[in-house]
Amino acid sequence: MNAWIPLALLPILPKRLDKVANYAQDVQELDAQQVTHEIISHILSPLSDEPSQRGIEIVCCDETIWKCVPKLCSWLADHMENVMIHGIYSNRCPICIAPPDQFGDLPDTPYDTRLYSSNAATYHNSDIKCLESNNVKNVNNALWHIPHCLPHELVQPDTIHTLLLGILVHLM
């Protein structure tokens, strides 16, 4: 039915190269993550072009022609992949600003969602301290530049990882 179409398999770049002199590990990790976001940006660039924003004609299965606006609606990933895709620090929620020590607790009032749109402006202003205070890495995130994309709404549970790596391993 083509309701769900995998677009690409992302390369996993090495995070640490011990044999490269004068190349700090934290810089290596940021560079590897930036390369991944540049690849994602290239793959998803058709979502940002002018024809896609105005709408493109797509022939439906009943041969009706519809004007459609393509949109990125979900991203299937486990927690560590979501951390990398959203450019946040490890053990942080990609959806809200809940402190890591309160994961799993039901708060009296819901936590605010992450403001990814303000992170793009903060990144372009080179305000690294502000990004770090929001637990966001200093990486030009590809998801920040896709129109009508709310990165916190893309998070979907990865059932395969959850069942296989979580529950099955625990039971074994």
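Hydrogens, waters and symmetry mates play no part in the numbers below; they use all other heavy atoms, side chains included. We're numbering straight along the sequence, starting at 1.
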For the atom pair [atom1] ([X]) and [atom2] ([Y]), what is the distance rounded to the nearest 0.5 Å?
| X | Y | atom1 | atom2 | answer |
| --- | --- | --- | --- | --- |
| N134 | D127 | CG | CG | 9.5 Å |
| I97 | N135 | CD1 | CG | 9.5 Å |
| D49 | R54 | CG | CZ | 9.0 Å |
| D26 | K137 | CG | NZ | 10.5 Å |
| D31 | T36 | CG | OG1 | 11.0 Å |

Distance-only donor-acceptor pairs under 3.5 Å for side chains of residues 37-44, two or more places apart:
| from | atom 1 | to | atom 2 | distance (Å) |
| --- | --- | --- | --- | --- |
| H37 | ND1 | N141 | OD1 | 3.4 |
| H37 | ND1 | A142 | N | 3.2 |
| H37 | NE2 | M84 | O | 3.1 |
| H37 | NE2 | I85 | O | 3.4 |

| remark: Residues at least two apart in sequence or cross-chain that pass side-chain contact (heavy atoms from CB on, under 4.5 Å) with H152, listed by chain then number, are I95, T113, Y116, L150
| said: Test of understanding: with side-chain contact (heavy atoms from CB on, under 4.5 Å), list the residues that count as partners of A98, not counting sequence neighbours. | reply: C96, F103, Y111
| Who are the ring-ring contact (aromatic ring centres under 6.0 Å, His included) partners of H145, not counting sequence neighbours? | H124
Give me the atom names and distance for the closest heavy-atom approach of [X] to [Y].
| X | Y | result |
| --- | --- | --- |
| R114 | C93 | NE-O, 2.6 Å |
| S118 | L115 | OG-O, 2.8 Å |
| L131 | Y123 | CD1-CA, 4.0 Å |
| C149 | P151 | O-CD, 3.4 Å |

| request: Give every residue pair that meets the salt bridge (Lys or Arg N to Asp or Glu O under 4.0 Å) criterion with at least one member in residues 85-113, sequence neighbours excluded. | output: none
| query | Is M80 reachable from L154 through a run of I, L, V, M, F, W or Y residues, each pair having side-chain heavy atoms under 4.5 Å apart? | reply | no
| Should V83 and V136 be regarded as members of a common hydrophobic cluster, given that ILVMFWY residues are connected when their side-chain heavy atoms come within less than 4.5 Å of each other, either directly or indirectly? | yes
| request: Ignoring hydrogens and angles, tell me if any N or O in the side chain of Q53 forms a donor-acceptor pair with the backbone of L47 under 3.5 Å. | output: yes
Considering only distance and modelled atom types, tabulate donor-acceptor pairs under 3.5 Å from the side chains of residues 55-72, sequence neighbours left out.
| from | atom 1 | to | atom 2 | distance (Å) |
| --- | --- | --- | --- | --- |
| D62 | OD1 | T64 | N | 3.1 |
| D62 | OD1 | T64 | OG1 | 3.0 |
| D62 | OD2 | T64 | OG1 | 3.3 |

